[in-house]
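Notes for the one structure printed next.
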Amino acid sequence: MMIPVISLFIVSLVACTQPDLTDATQDWEDMFEVPEPPAGPENPGDTDDPGTTEPEDPMDKIYPDDRFFRMRGVVMGWSDCRHRDALDYIEIAKEHGLNTFSIYGADRSSLEWNTFAKECKANGIHLEFQEHMMSFLLPRKLFSTHPEYFRMNEQGTRVEDANGCPSSEGALEEIYKNAIDIGKRYKPTNHKYYFWLDDGGGVCHCDKCKDLNDADQALIFENVIIEALKTIDPDATLAHLCYANTTQPPQKIKPHKDIFLEFAPFYRDWTHPLSETWVQGLNGMTHAKYLKSLQEHLKVFPAETAQVLEYWMDDSLFSGWNPNNLKQVPWNYEGVFLKDLDTYAQYGIRYITCYSAYVGPDYVKKFGFPQFLVDYAKGLYEYEK
């Protein structure tokens, strides 16, 4: 199969430092082994030219209400939301206006999950699946027979530790067919797909890739993935994650028209709003740098479809990914959350979701009912620009 050559263009740069999130990665779910699916079409087709006109929002039929923030989501673990006698996420969504759940760690073949999914549908709650996926799109077991599929490190050695080589036609073929298989098994109800790069993983430094930054390399994979997903879901859209090593916007690769920006300010400070630009978070990232990154990304991706992935309620982060040492979420409704909504609204962003990992039965037992979940839902639902 010949993978199409991706068009090139230049945008301005924002510097970033690649983090080491190995410990965090190990604490996320142990997902699944990707089986060998049937091969996809011989050629996924040329990347569509988005043209110069403003794109229509593909979510008009999915999120038809007239609220400013159309997508009002939560990303959580199955263990956080399955025990509804302790904490009923569906009831909170139903009463206060959440409309999207991304849930990891569930057995999707189980009766329990299917009962939960049916109740979500009955209450107008969309289900999607956000996760780092490259190790499943490009299984590491292929390294022994096809090392050229995998990234070259800065020392000039092919390694299978993370991601892959976006200049390898064989790697792109493998990713294309596995994206179809995974897409079928994890099909979202809102047509929004997430196939992120490996968390904290390095990218390729071979002769063909060395002049492509991390976001460019991600987009090469993503432009192939979205073409694969279109064969099973013509309305599919795909996230490009601005996070950690992809905080710098792409320089040379143009995104397919159905790839949307997902802005995830992981290194920010949650005790101050983003509008306080002088504040410095982790890894040397100031709020000013994050807002500059967002501005530069919105020169590449349309604001009409852009999405924010926040961490205001992510107790896995605040607890150091240790479920046995839960910390109280440092929630600040008026001083941080509402001011951040104002900031995102000023950029025209109308799709918001947020991690609430570790906010489940154990959190309730230790700290009581998490009122911030209700505050978050109502704040998004009632927001007026």
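Just so it is clear, the model here is predicted, and its values are computed rather than measured.
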| field | For Pro265 against Tyr344, the heavy-atom pair lying closest together | value | CG-OH, 3.7 Å

| message | Any heavy-atom pair between the side chains of Phe221 and Leu197 that's under 4.5 Å? | response | yes

| task | Determine whether the aromatic ring centres of Phe367 and Tyr363 lie less than 6.0 Å apart. | result | yes

| task | State plainly whether the residues Glu296 and Lys292 are in salt-bridge range, i.e. N to O under 4.0 Å. | result | yes

| Heavy-atom closest pair, residues Arg140 and Met134 | NH1-O, 3.9 Å

| field | Closest non-hydrogen atom pair, Arg108 against Arg185 | value | CD-O, 4.5 Å

| Salt bridge flag under 4.0 Å for residues Asp198 and Arg151 | no

| request: Using modelled atom types only, decide if a donor and an acceptor are shared between the side chain of Lys230 and the backbone of Ala236 within a distance under 3.5 Å. | output: yes

| task | Determine whether the aromatic ring centres of Trp270 and Trp331 lie less than 6.0 Å apart. | result | no

| query | When you look at His126 and Thr100, which way does the side chain to side chain donor-acceptor pair (under 3.5 Å) test go after all the steps? | reply | CA-CA 5 Å; His126 286 287; Thr100 307; over 6 Å; no

| query | Taking Asp88 for the side chain and Ile90 for the main chain, is one N or O donor matched with an acceptor at less than 3.5 Å? | reply | yes

| Heavy atoms of other groups near Phe143 CZ, more than 12 under 6.0 Å | yes

| request: Kindly give the heavy-atom pair with the smallest separation between Cys204 and Gly164, and that separation in Å. | output: CB-O, 3.8 Å

| field | Arg70/Asp60 under salt bridge (Lys or Arg N to Asp or Glu O under 4.0 Å): CA gap, chis, key distance, verdict | value | CA-CA 9 Å; Arg70 307 179 74 180; Asp60 283 341; 3.0 Å; yes

| said: Donor-acceptor check, side chain of Asp269 to backbone of Thr271, threshold 3.5 angstrom: yes or no? | reply: yes

| Is the shortest heavy-atom distance from the side chain of Val224 to the side chain of Glu227 under 4.5 Å? | no

| task | Examine distances only and state if a side-chain atom of Asp233 and a backbone atom of Leu229 form a donor-acceptor pair shorter than 3.5 Å. | result | no

| remark: CZ of Arg268 to CD of Gln280, rounded to nearest 0.5 Å, is 14.0 Å

| task | Would you confirm whether the ring centroid of Tyr351 sits within less than 6.0 angstrom of the ring centroid of Phe69? | result | no

| Would Leu142 end up clustered with Met152 when hydrophobic side chains under 4.5 Å apart are linked, directly or stepwise? | no

| query | Heavy atoms, side chains only, cut-off 4.5 Å: are Ile182 and Met133 in contact? | reply | yes

| Lys/Arg-Asp/Glu bridge criterion (N-O < 4.0 Å) met for Glu119, Arg84 | yes

| Is the side chain of His287 donor-acceptor paired with the backbone N or O of Glu276 at a distance under 3.5 Å, no angle test? | yes

| query | Any side-chain donor-acceptor pair under 3.5 Å between Glu310 and Tyr376? | reply | no

| query | In Å, rounded to the nearest 0.5 Å, how long is the span from NE2 of His191 to CG of Asp258? | reply | 11.5 Å

| query | How long is the gap from OH on Tyr381 to CG on Asn99, to the nearest 0.5 Å? | reply | 10.0 Å

| query | Do Leu282 and Tyr355 belong to the same hydrophobic cluster, where Ile, Leu, Val, Met, Phe, Trp and Tyr are linked whenever their side-chain heavy atoms lie under 4.5 Å apart, directly or via other members? | reply | yes

| field | Same apolar cluster (I L V M F W Y, side chains within < 4.5 Å links), Ile103/Trp321 | value | yes

| When you look at NZ of Lys118, are more than 12 heavy atoms from neighbouring residues, nucleotides or ligands closer to it than 6.0 Å? | no

| Member of Trp113, Phe129, Tyr104 meeting the ring-ring contact (aromatic ring centres under 6.0 Å, His included) criterion with Trp78 | Trp113

| said: So if I apply the side-chain hydrogen bond (donor to acceptor under 3.5 Å, both in side chains) rule between Trp312 and each of Asp375, Asn332, Asp340, which one comes out positive? | reply: Asp340

| task | For residues Phe260 and His240, establish whether the separation of their ring centroids is below 6.0 Å. | result | no

| query | When rounded to the nearest 0.5 angstrom, what is the spacing between CD in Gln217 and CD in Glu222? | reply | 11.5 Å

| Atom pair OH (Tyr243) and CG (Asp199), whose distance is rounded to the nearest 0.5 Å | 3.5 Å

| query | Are Tyr347 and Ile259 linked, directly or through other ILVMFWY residues, by side chains that come within less than 4.5 angstrom of each other? | reply | yes

| Side chains of Thr343 and Leu291: closer than 4.5 Å at any heavy-atom pair? | yes

| request: Indicate whether the side chain of Asp314 and that of Tyr358 have a donor and an acceptor atom separated by less than 3.5 Å. | output: no

| Looking only at side chains, do Ser356 and Tyr89 share a donor and an acceptor under 3.5 Å apart? | yes

| message | Check whether Asp216 reaches the backbone of Lys252 with its side chain - one donor and one acceptor, N or O, closer than 3.5 Å. | response | yes

| Any luck finding a side-chain donor-acceptor pair between Tyr194 and Glu131 under 3.5 Å? | no

| Any side-chain heavy-atom pair of Gln248 and Asp214 under 4.5 Å | no

| query | Does a side-chain heavy-atom distance below 4.5 Å link Tyr290 with Leu294? | reply | no

| Shortest non-hydrogen contact from Ser319 to Leu326? | OG-CA, 3.4 Å

| task | Using modelled atom types only, decide if a donor and an acceptor are shared between the side chain of Ser293 and the backbone of Thr247 within a distance under 3.5 Å. | result | yes

| field | Lys/Arg N to Asp/Glu carboxylate O, Arg72 vs Asp65, below 4.0 Å | value | yes

| said: Quick check against the 3.5 Å criterion: does Lys327 have a side-chain atom that pairs as donor or acceptor with the backbone of Leu317? | reply: no

| remark: Heavy-atom closest pair (Val364 atom, Phe369 atom, distance to 0.1 Å) is CG1-N, 4.4 Å

| request: Run the numbers on Phe266 and Tyr311 for ring-ring contact (aromatic ring centres under 6.0 Å, His included), then give the verdict. | output: CA-CA 7 Å; Phe266 180 78; Tyr311 302 83; 5.3 Å; yes

| query | Is the backbone of Phe263 close enough, under 3.5 Å, to the side chain of His297 for a donor and an acceptor to pair up by distance? | reply | no

| said: I want to check a possible cation-pi pair here: Arg82 against Phe116, using under 6.0 Å from ring centre and within 45° of the ring axis as the test. | reply: no

| Under 4.0 Å between a Lys/Arg side-chain N and an Asp/Glu carboxylate O for Lys366 and Asp362? | no

| Ile220 backbone acceptor or donor facing Asn223 side chain under 3.5 Å | no

| query | Is the shortest heavy-atom distance from the side chain of Leu241 to the side chain of Leu261 under 4.5 Å? | reply | no

| message | Please report whether the ring centroid of Phe195 lies less than 6.0 Å from that of His132. | response | no

| Is the number of heavy atoms from other residues, nucleotides or ligands within 6.0 Å of CD (Gln371) greater than 12? | yes

| message | I need the Thr277 OG1 to His272 NE2 distance, nearest 0.5 Å. | response | 12.0 Å

| query | In terms of hydrophobic clusters joined by side-chain contacts under 4.5 Å, are Leu341 and Phe68 together? | reply | yes

| said: Are Gln307 and Arg350 packed together at the side-chain level, in the sense that at least one heavy-atom pair is separated by less than 4.5 angstrom? | reply: no

